[in-house]
Amino acid sequence: MTISPQSYAAYQLLHDGILALGRAEQVGIRVDVPYIERTQTELTARIASIRDEFKDTPFYREWQKASDKDDVNIDSHVQLRDFLYDVKQYTPTKLTAKGSGSTDKESLKQLNIPELNRLLETKKLKKLWDVLNDFYNEQVNGVIHPFFSLNNVISYRSSSDSPNFQNIPIRDEESMNICRNALYPRPGHQLLEVDYSGLEVHIAACYHQDRTMLKYINNPESDMHRDMAIQIFKLDAYDDHKHKTLRKAAKNGFVFPQFYGDYYVNCAKNLACNWGQLPQGRWQEGQGILLGDIPLADHMIAVGFRNLKQFTAHIERIERDFWDNRFKQYARWKRRWWETYQRTGYIDLYTGFRCQGVMRRNDCVNYPVQGAAFHCLLWSFIQLDRIMREEQWKTRLIGQIHDAIVLDVHPDELEYVTKVIHRVTCDDLPRAWDWIIVPLEIEMDVCPVDGSWAQKSKLK
DNA sequence: AAACCGGGCCAC
DNA sequence: AAACGTGGCCCGGTTT
C-alpha cells in the first residue's frame, strides 16, 4: 500500500476504520438456523424436481448421447459449451474473456431452448442454496460475523468475507426474500440501513467539477437518467409511470457503463437485449417491456430503428454527444488524469491514498472515485462508532456495503440515532473534508422490531 | 491431494 | 486508440 507523503490522515483513517469494523464484526448478525435448514430442504427438492424433468427431455438425451462421459454433468458449463457450440453448431451470441463460447444466463436465453430455461431456474435456486449454506457454515450459536478488510482492494475500497456481507441478493425479489429472511437483529431490536444516494456520482463530481453534472446534482428537479432515457428511446414526453423502466434501462445500460469506461457497441447490445427483444439482431415485434400498452420493440421500430445496427449507430451518436457536449469537463478531466498517470506513474486520491503500478486508462479515473467514495462511508462509520460508545447506545453498527451502513437498533433509540446519522453523514463529513463540494444525501430503510432484513421499508 | 484456473453470478 | 471498475464464492476441470 502506498500513501502520499503529505497524508498521515489516510494512514489514520484505515487504522481507526479497521477497529470500528472489528467491533461490528464482533456484534454480527443473527441468523434463523431452523429457517435456513427448512429452506435449504425446500430448495433441494425444487432443484431435484426440475432436474428430473430436464433429464426426461430429448435435449438431455441428445446431450448424453453426444458425450463421451458415462453421465454428463449438468453443472459443467464446459460440457454444455461443447455440446451447444461444437455438436449442435449453434453460434455463440457472446464469447468469454478467453474467447470460447459463453454459457452464461444471457447466452442461454438467446438460444431460446425451453430446456435450457429450466436449467437456468435450477442454477438460480442453487445460488440461493449456496448463500444460505454459507450463512449456516459461518454461524456461531446462531450469529454470523462477516469480516471486513481494508487491505484487499486495489482502489482502497473494503472487502468482506466469511460470509461476504456485500453481495447478498437484493435485485431479484424472490432471491432477496429467500436470503434476507435468514437475517435478524438481536432480540427486541430492528435493522436499519443507511445509504448514501448516488455517492460515486457525487464524489466523481468533486474531482471533475463538470458544470452540467453539478447542475444535475444541485437541482432536485433535474434527472440525468430521465434525460438520457428520453434521448436513447426517443420519447416525446417523459411519463414517470409509463417510462420508469426505460429510465432504469438508461441508467444501468448506458449512464453507469459509460462512467466506468464502456463504449457504445456494448451499451447498444445490452440495452437491446435486456430491455427490448432483440435475439437475432432485429427487434421482435410485439415483444419486450411495455410502454403503457405498446411493446418497446414496436416503439423502436416506429421511431426508425429496425435492427441492432441502426440502434448501435444511434447509441454511438448519443455517446459522442454525452462526452463532447453534455459532460464536456468530465471528459476533459478523464483525459487529464490519464495524462498525469502517464507522466508521473501514479494517481492520488482526495483522501490521501496513492494508486500506482500498471494501470489502464479506465483505472486512472475509476480508482480515485471508487476509493474516495468508500472513504466517505468509512469516515462516517468511524464517527458513529465513536459516538455510539461515548454515549453508550444499545444500538450497534453491524456492517457496511461500500456506500451503506447497517445497524442493529434499539427501538427506543431509533429517532435519536437517525438524527445523529443524518448529522454525521450529511453535515459533519463535508465540513471535515473541504474537497467535498457537493451536497451529500442519504436514504434510510428500517425493518420491523424482530423482523428480518427482507422486511425493510423506506423510513419517513 | 492440493493448487490453480476459467467461467459464472451475486453485490456496489 | 480502445473497448465496464471493484470484490467473494462456487464448481468443474487441469496441473502440480
Side-chain angles (χ1 to χ4, degrees), chain A residues 69 72-82 92 94-108 119-120 123-135 137-138 146-172 175-176 178-180 193 195-201 203-204 252-270 312 316 319 334-335 338 342 347 355 359-374 377 399-406:
Chain A
K69 315 228 182 251
V72 300
N73 187 337
I74 298 178
D75 295 323
S76 167
H77 46 81
V78 176
Q79 291 179 32
L80 182 58
R81 179 237 283 155
D82 292 346
K94 194 164 85 172
L95 299 180
T96 66
K98 296 287 174 187
S100 58
S102 170
T103 55
D104 69 0
K105 186 159 61 182
E106 190 196 314
S107 305
L108 297 187
L119 200 59
L120 286 172
K123 285 175 192 287
K124 172 184 154 177
L125 298 176
K126 175 63 168 58
K127 172 82 182 175
L128 304 181
W129 190 93
D130 285 341
V131 172
L132 293 180
N133 205 46
D134 212 17
F135 292 166
N137 287 335
E138 296 293 347
F147 289 79
F148 296 96
S149 305
L150 296 176
N151 59 293
N152 286 339
V153 182
I154 194 146
S155 61
Y156 298 101
R157 255 195 188 178
S158 67
S159 63
S160 171
D161 66 275
S162 310
N164 185 347
F165 189 61
Q166 299 178 319
N167 72 342
I168 301 168
I170 189 165
R171 294 173 195 176
D172 177 78
S175 305
M176 185 279 280
I178 286 177
C179 297
R180 292 179 183 234
E193 194 174 336
D195 293 63
Y196 273 111
S197 339
L199 186 60
E200 284 199 14
V201 171
I203 296 311
N252 297 324
F254 184 81
V255 178
F256 281 142
Q258 286 287 327
F259 286 165
Y260 286 136
D262 204 358
Y263 80 130
Y264 68 93
V265 172
N266 287 337
C267 293
K269 201 169 152 227
N270 288 335
T312 303
E316 183 182 11
E319 179 185 280
K334 285 189 172 198
R335 289 194 299 272
W338 172 233
Q342 289 177 300
I347 290 291
C355 297
M359 289 161 71
R360 295 151 297 187
R361 176 192 276 96
N362 287 337
D363 298 340
C364 295
V365 289
N366 285 332
Y367 293 172
V369 171
Q370 194 178 97
F374 169 66
L377 192 284
Q400 153 276 129
I401 314 162
H402 309 302
D403 65 354
I405 295 173
V406 184

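Below, chains carry the letters A, B, ... as their sequence lines are ordered, and counting in each starts from 1.
- Within 3.5 Å, no donor on the side chain of A:R171 pairs with an acceptor on the base of B:dC10, nor the reverse.
- Note on A:P169: only backbone sugar-phosphate atoms sit closer than 4.0 angstrom, heavy atoms only; bases stay farther off.
- Looking at the side chain of A:S76, the nearest of the listed nucleotides B:dC12, C:dC4, C:dG12 is C:dG12.
- At most 12 non-hydrogen atoms from other residues, nucleotides or ligands lie less than 6.0 angstrom from CZ of A:F147.
- Side-chain proximity of A:K127 to the nucleotides C:dA1, C:dG8, C:dT6 is greatest for C:dG8.
- Looking at heavy-atom distances under 4.0 Å, A:K98 makes contact with sugar-phosphate atoms alone, never a base.
- In this structure, A:S102 reaches the sugar-phosphate backbone alone: every heavy-atom distance under 4.0 Å involves primed, P, OP1 or OP2 atoms, never a base.
- Shown here, C:dG8 forms a base pair with B:dC9; the pair counts as Watson-Crick or G-U wobble because both key distances fall under 3.5 Å.
- OP1 or OP2 of C:dG12 sits under 4.0 Å from a side-chain N or O of A:N73.
- Of the side-chain N and O atoms in A:N266, one or more sit less than 4.0 angstrom from OP1 or OP2 of C:dC4.
- Note on A:E200: nothing from the nucleic acid sits closer than 4.0 angstrom, heavy atoms only.
- For A:K123, the NZ atom sits in a packed shell: over 12 heavy atoms of surrounding residues, nucleotides or ligands are nearer than 6.0 Å.
- In this structure, A:K124 reaches neither bases nor backbone, as no heavy-atom distance under 4.0 Å exists between it and the strands shown.
- Across all strands shown, C:dA2 remains unpaired; no Watson-Crick or G-U wobble contact has both distances below 3.5 Å.
- Between the CG atom of A:L128 and the P atom of C:dC10 there is a distance of 14 Å, rounded to whole Å.
- OP1 and OP2 of C:dT6 both lie 4.0 Å or more from every side-chain N or O belonging to A:Q166.
- Using a 4.0 Å heavy-atom criterion, one finds that A:R81 contacts no nucleic acid atom at all.
- At the phosphate of C:dG5, neither OP1 nor OP2 sits under 4.0 Å from any side-chain N or O atom of A:S155.
- Spacing of C1' atoms, B:dC10 relative to C:dA3, comes out at 25 Å, to the nearest Å.
- Neither OP1 nor OP2 of C:dG7 sits under 4.0 Å from any side-chain N or O of A:N164.
- Between the side chain of A:Q370 and the base of C:dG5, a donor-acceptor pair under 3.5 Å is found.
- The side chain of A:I154 lies closest to C:dG7, out of C:dG7, C:dG13, B:dC12.
- At the heavy-atom level, A:K123 lies nowhere under 4.0 Å from the strands shown.
- Among the protein residues, A:S158 comes within range of no part of the nucleic acid, since none of its heavy atoms lies under 4.0 Å from any strand.
- Note on A:N270: a base of the nucleic acid sits closer than 4.0 angstrom, heavy atoms only.
- Taking atom OH on A:Y260 and atom C1' on C:dA2, their separation rounds to 20 Å, with Å as the unit.
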**Prompt:** Can A:N73 and A:S76 be said to form a side chain to side chain donor-acceptor pair (under 3.5 Å), step by step?
**Reply:** CA-CA 5 Å; A:N73 187 337; A:S76 167; 5.9 Å; no
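- For the OP1/OP2 pair of C:dT6 and a distance below 4.0 Å, the side-chain nitrogens and oxygens of A:Y367 include at least one atom meeting the criterion.
- At the heavy-atom level, A:Y264 lies nowhere under 4.0 Å from the strands shown.
- Nucleic acid contact for A:N366: sugar-phosphate only, since backbone atoms but no base atoms lie under 4.0 Å from a heavy atom of the residue.
- Rounding to whole angstrom units, CG of residue A:D130 and C1' of C:dC11 are separated by 9 Å.
- Considering only side-chain N and O atoms, A:R360 lies under 4.0 angstrom from the phosphate OP1 or OP2 of C:dT6.
- Closest to the side chain of A:R361, from the set C:dG7, C:dA2, C:dT6, is C:dA2.
- Side-chain proximity of A:N362 to the nucleotides C:dC11, C:dC4, B:dG7 is greatest for C:dC4.
- Along DNA chain C, the nucleotide nearest A:V153 and the nucleotide nearest A:P163 are compared for position; the residue whose nucleotide lies closer to the 5' end is A:V153.
- Residue contacts shown for A:I170 are limited to sugar-phosphate atoms, with no base heavy atom under 4.0 Å away.
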